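A short worksheet on the structure shown next.
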Amino acid sequence: MASSSELKSAALMDQMKLHLASDAGKDLVKKIGLVYQINIAPKKISFNEEIYVVDLKKGEVTKGPYEGGKPDATFSFTDQDFFKVATGKMNPQIAFMRGAMKVKGSLSAAQKFTPDIFPKPSKM
């Protein structure tokens, strides 16, 4: 295990790191060029969160709060809901309307945060 995390989402973040190193990932960085902070809570938003930064300016994923000023947008999810959104099982707009996703920062930046930026889960 690469991460000492209980979260299903941690494995996704590990895949995201590899994805961003690929050609598809480099295209994303060119296309999006934004920094997202993602706060993922095991059960309840804002409690015991693990924080990740998906930096689509530099093309990297790091654990811990963003150090380079303010992220363009910050999202808060529960582990389960983040997993659903990132794997395309839940639409981000619907997640937002249901309160399953909280957003701070630029809404135009937030709208570019779609399941397309995540690697497709490997077909088993």
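Quantities reported herein were computed from a predicted structural model and do not represent experimental measurements.
Within the structure, ring pair (Phe, Tyr, Trp, His ring centres under 6.0 Å) pairs that include any residue of residues 14-44 comprise Y36-F75, Y36-F113 (at least two apart or interchain). Sorted by first then second residue, the salt bridge (Lys or Arg N to Asp or Glu O under 4.0 Å) pairs that include residues 19-31, not counting sequence neighbours, are D27-K30.
The line from CD of Q80 to CD1 of I40 is 13.0 Å long, rounded to the nearest 0.5 Å. Note that the CG atom of D79 and the CD atom of E50 stand 8.0 Å from one another [nearest 0.5 Å]. The line from CD of E67 to OG1 of T62 is 8.0 Å long, rounded to the nearest 0.5 Å.
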If you apply the rule side chain to side chain contact (heavy atoms under 4.5 Å, CB included), what do you find for T78 with I45, and how did you get there? CA-CA 6 Å; T78 63; I45 287 179; 4.0 Å; yes

Test V54 against I38 for side chain to side chain contact (heavy atoms under 4.5 Å, CB included), laying out the working first. CA-CA 7 Å; V54 176; I38 303 172; 3.7 Å; yes

Is there a side chain to side chain contact (heavy atoms under 4.5 Å, CB included) between Q37 and I51 once you walk through the steps? CA-CA 7 Å; Q37 181 172 306; I51 298 176; 3.6 Å; yes

K58 vs V29, test: side chain to side chain contact (heavy atoms under 4.5 Å, CB included). Steps then yes/no. CA-CA 7 Å; K58 292 185 188 155; V29 171; over 6 Å; no

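Centroid-to-centroid, the aromatic rings of F118 and F82 come within less than 6.0 Å.
The number of heavy atoms from other shown groups lying within 6.0 Å of CD (E60) is above 12.
When hydrophobic residues (I, L, V, M, F, W, Y) are linked wherever their side-chain heavy atoms come within less than 4.5 Å, the members clustered with V53 are V35, Y66.
Residues L12 and F83 meet the side-chain proximity criterion, which asks for heavy atoms closer than 4.5 Å. P92 is listed as a side-chain neighbour of M101, based on a closest heavy-atom distance under 4.5 Å.
Note on V103: it clusters hydrophobically with M90, by side-chain heavy-atom contacts below 4.5 Å among ILVMFWY residues.
Partner of L56 under the side chain to side chain contact (heavy atoms under 4.5 Å, CB included) criterion, out of L20, D72, V61: L20 alone.
At least one donor-acceptor pair closer than 3.5 Å links the side chain of S22 to the backbone N or O of G25.
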